[in-house]
Amino acid sequence: MYQNIIVPIDHGNRNMKTPHFIYTSGIEESQTKPPLGEYLVFKDKYYALTEKRIPYMRDKTVDDRFFVLTLFGIGMESERQEIYCPGELLQVDLPVGLPPKHFGTLYKKFEAYFKRDEVVEYSFHGRSYSVYLENVAAFPQDYAAAITIYPKIMNYGKTTVIDIGGFTLDYLLLRGGIPDLAVCDSLENGVIKLYNNIISRINSEQDILLEEMDIDSILKGENTGYSESVMKTVRDIADIFVNDLLGTLRERGIDLKSGCVVFVGGGALLLRKYLEASEKVGDCFFIEDIKANAMGYGMLYDREKKAGSAHGKKE
């Protein structure tokens with residue numbers, strides 16, 4: 001007997017996202033049981049989630065770390081959806097995604113990375129899992145997120161989706177709701193670059209070591225206890241960062257005043273007031289849920305499954 005579950009997962013450089021969970025893209029391997037935190041046991045080793053993210057990887061298939069992070073997501077979603085029966089095989093359908101720029105060259109490799117021939121055995125939260133990854137399907141990021149608000153953008157002939165993540169900024173043009181993979185790219189302009197600029201400047205000028213969470217709080221307008229001088233510097237650098245970011249897109253021929261713009265990702269939400277205030281942006285929408293790509297993968301997978309498609313869109 002077996003149970004079946006669909007687990008869409010967005011493998012971000014900063015965070016992993018499933019439809020119900022967000023956790024940092026970081027793990028530590030050890031031979032002994034971690035004293036605290038979330039962990040699982042796989043191939044006789046302990047893997048614990050950590051806030052120290054894995055350094056940026058264009059190709060996430062080079063080692064098992066993102067596979068193990070995926071096992072965490074499967075366990076979490078299995079518990080959340082109450083799909084677990086001791087001793088039974090858990091058959092998993094895994095919709096995943098890649099940046100549009102790298103999609104055409106990496107999607108087959110990414111699918112193969114997860115589609116193992118054997119049953120994967122591991123334990124999580126004291127439960128033993130026997131997982132078989134039955135179907136793995138990759139879709140373009142950003143397009144997947146835009147699908148979640150399709151009724152809002154369906155009447156625009158042109159939509160530019162901009163995903164501001166941790167390490168990268170990805171953009172993709174949709175024409176009539178269809179992705180144009182000839183007009184997309186992945187730039188190393190994510191908020192980690194902004195964090196590094198701010199941390200370096202504040203440390204140099206005021207001998208204060210800010211953390212990323214401090215910067216988030218300042219940009220969100222929360223009470224942080226830092227001086228007005230520190231907060232003004234943080235806001236000024238963020239304003240310059242957004243202006244430069246939008247200018248870079250303009251130099252690449254991306255017109256953000258025509259059609260509409262859809263902003264995706266935690267970085268876009270963090271910088272929302274700066275993006276909305278810019279005269280370089282016309283009609284725009286912000287996708288509030290940073291799990292939108294994961295949810296979009298699930299929607300696209302369901303659409304393909306109903307249509308009986310086997311990735312005909314990619315051939």
Side-chain angles (χ1 to χ4, degrees), residues 1-12 15-34 37-50 53-54 57 59-98 106-139 141 144 291 293-302 304-305 310-311:
M1 294 292 293
Y2 66 88
Q3 297 274 1
N4 184 265
I5 185 173
I6 299 174
V7 185
I9 298 184
D10 181 16
H11 298 78
N15 291 308
M16 299 281 292
K17 282 87 68 177
T18 75
H20 300 103
F21 298 95
I22 303 170
Y23 52 103
T24 303
S25 300
I27 55 170
E28 289 185 355
E29 176 189 318
S30 69
Q31 299 293 334
T32 57
K33 178 181 176 181
E38 296 276 15
Y39 71 90
L40 59 76
V41 184
F42 174 57
K43 293 184 177 179
D44 298 322
K45 294 180 181 178
Y46 291 88
Y47 293 89
L49 293 180
T50 172
R53 60 180 176 268
I54 297 170
M57 297 170 67
D59 182 357
K60 296 181 173 70
T61 69
V62 296
D63 58 41
D64 267 346
R65 286 181 292 179
F66 275 92
F67 184 78
V68 175
L69 286 168
T70 298
L71 297 181
F72 274 101
I74 292 171
M76 292 174 183
E77 283 293 330
S78 174
E79 291 182 359
R80 175 65 170 71
Q81 299 181 40
E82 299 182 350
I83 300 176
Y84 176 80
C85 188
E88 288 193 356
L89 183 68
L90 186 63
Q91 190 166 288
V92 178
D93 290 351
L94 187 70
V96 294
L98 288 163
L106 289 180
Y107 83 87
K108 289 183 179 179
K109 186 177 183 182
F110 204 50
E111 291 176 346
Y113 171 72
F114 295 107
K115 184 69 176 72
R116 314 268 168 130
D117 291 332
E118 73 276 6
V119 173
V120 178
E121 306 277 357
Y122 71 102
S123 65
F124 178 64
H125 285 174
R127 295 175 169 179
S128 295
Y129 285 85
S130 297
V131 169
Y132 183 68
L133 291 154
E134 175 71 11
N135 296 300
V136 181
F139 301 94
Q141 290 175 8
K291 304 186 299 296
N293 268 320
M295 292 187 291
Y297 300 151
M299 294 170 66
L300 290 168
Y301 179 73
D302 184 61
E304 280 202 353
K305 197 172 181 180
H311 292 312

Can you tell me how far OH of Tyr46 sits from CD of Glu29, rounded to the nearest 0.5 angstrom? 13.0 Å
Nearest-0.5 Å distance, CZ of residue Arg53 to OG1 of residue Thr24: 9.0 Å
Check against side chain to side chain contact (heavy atoms under 4.5 Å, CB included), Leu69 and Leu49: CA-CA 8 Å; Leu69 286 168; Leu49 293 180; 3.7 Å; yes
Pairing residues for Phe124 by the ring pair (Phe, Tyr, Trp, His ring centres under 6.0 Å) criterion, not counting sequence neighbours: Phe72
Partner residues of Ser78 under the side-chain hydrogen bond (donor to acceptor under 3.5 Å, both in side chains) criterion, sequence neighbours left out: none
Val96 vs Tyr113, test: side chain to side chain contact (heavy atoms under 4.5 Å, CB included). Steps then yes/no. CA-CA 11 Å; Val96 294; Tyr113 171 72; over 6 Å; no
Pairs satisfying salt bridge (charged side-chain N to carboxylate O under 4.0 Å, His left out), at least one member in residues 114-125, at least two apart: Asp64-Arg116
What one should report as the nearest heavy-atom pair of Ile54 and Met57 is CG2-SD, 3.6 Å
How would you list, by chain and number, every residue that makes a side-chain hydrogen bond (donor to acceptor under 3.5 Å, both in side chains) with Asn135, sequence neighbours excluded? Asp93
dist Leu133:CG -> Thr70:OG1 (nearest 0.5 Å) comes out at 8.5 Å
With rounding to the nearest 0.5 angstrom, report the OH to OG1 distance, Tyr23 to Thr18. 6.5 Å
Please assess Tyr129 against Ile74 for the test side chain to side chain contact (heavy atoms under 4.5 Å, CB included), listing each intermediate value before the final yes or no. CA-CA 10 Å; Tyr129 285 85; Ile74 292 171; 5.5 Å; no
Taking C-beta and beyond as the side chain, do Gln141 and Asp10 meet within less than 4.5 Å on heavy atoms? yes
Rounded to the nearest 0.5 Å, what separates atom CG in Leu106 from atom CD in Glu111? 11.5 Å
Apply salt bridge (Lys or Arg N to Asp or Glu O under 4.0 Å) to Lys291 and list each qualifying residue two or more places apart in sequence or on a separate chain. Asp289
Contact list for residues 77-91, test salt bridge (charged side-chain N to carboxylate O under 4.0 Å, His left out), sequence neighbours left out: none
Could you list the residues that satisfy side-chain hydrogen bond (donor to acceptor under 3.5 Å, both in side chains) with Ser128, not counting sequence neighbours? none
Can you list every salt bridge (charged side-chain N to carboxylate O under 4.0 Å, His left out) pair that touches residues 127-136, not counting sequence neighbours? none
Can you see which heavy atom on Val92 is nearest to which on Val131, and at what distance? CG2-CG1, 3.7 Å
Using the ring of each side chain (for Trp, its six-membered ring), is Tyr47 parallel, tilted or perpendicular to Phe42, with breaks at 30° and 60°? tilted
With sequence neighbours left out, what residues match Phe114 under ring pair (Phe, Tyr, Trp, His ring centres under 6.0 Å)? His11, Phe110
Approximate separation, where rounding is to 0.5 Å, of Met295 CE and His20 NE2: 9.0 Å
Distance-only, no hydrogens or angles: does the Thr50 side chain make a donor-acceptor pair with backbone N or O of Gly26 under 3.5 Å? no
Ala294 versus Pro8, closest heavy-atom pair with distance: O-CB, 3.0 Å
Got a sec, which residues hit side-chain contact (heavy atoms from CB on, under 4.5 Å) with Met299, two or more places apart in sequence or on another chain? Ile147, Thr148
Taking side chain as C-beta onward, heavy atoms only, is Ser25 less than 4.5 Å from Phe66? yes
Would you say the side-chain atoms of Tyr84 pair up with the backbone N or O of Gly75, donor to acceptor, closer than 3.5 Å? no
Heavy-atom distance under 4.5 Å between the side chains of Gln81 and Ile5, does that happen here? yes
Those residues at least two apart in sequence (or on a different chain) that pass ring pair (Phe, Tyr, Trp, His ring centres under 6.0 Å) with Tyr132 are none
Let's go through Val68 and Tyr122 carefully: what are the C-alpha distance in whole Å and the side-chain angles of both, what is the deciding distance for side chain to side chain contact (heavy atoms under 4.5 Å, CB included) to 0.1 Å, and is it a yes or a no? CA-CA 10 Å; Val68 175; Tyr122 71 102; over 6 Å; no
Shortest non-hydrogen pair, Gly73 vs Ile9, comes out as CA-CD1, 4.3 Å
Kindly write out the residues that satisfy side-chain hydrogen bond (donor to acceptor under 3.5 Å, both in side chains) with Glu38, not counting sequence neighbours, or none if the list is empty. His125
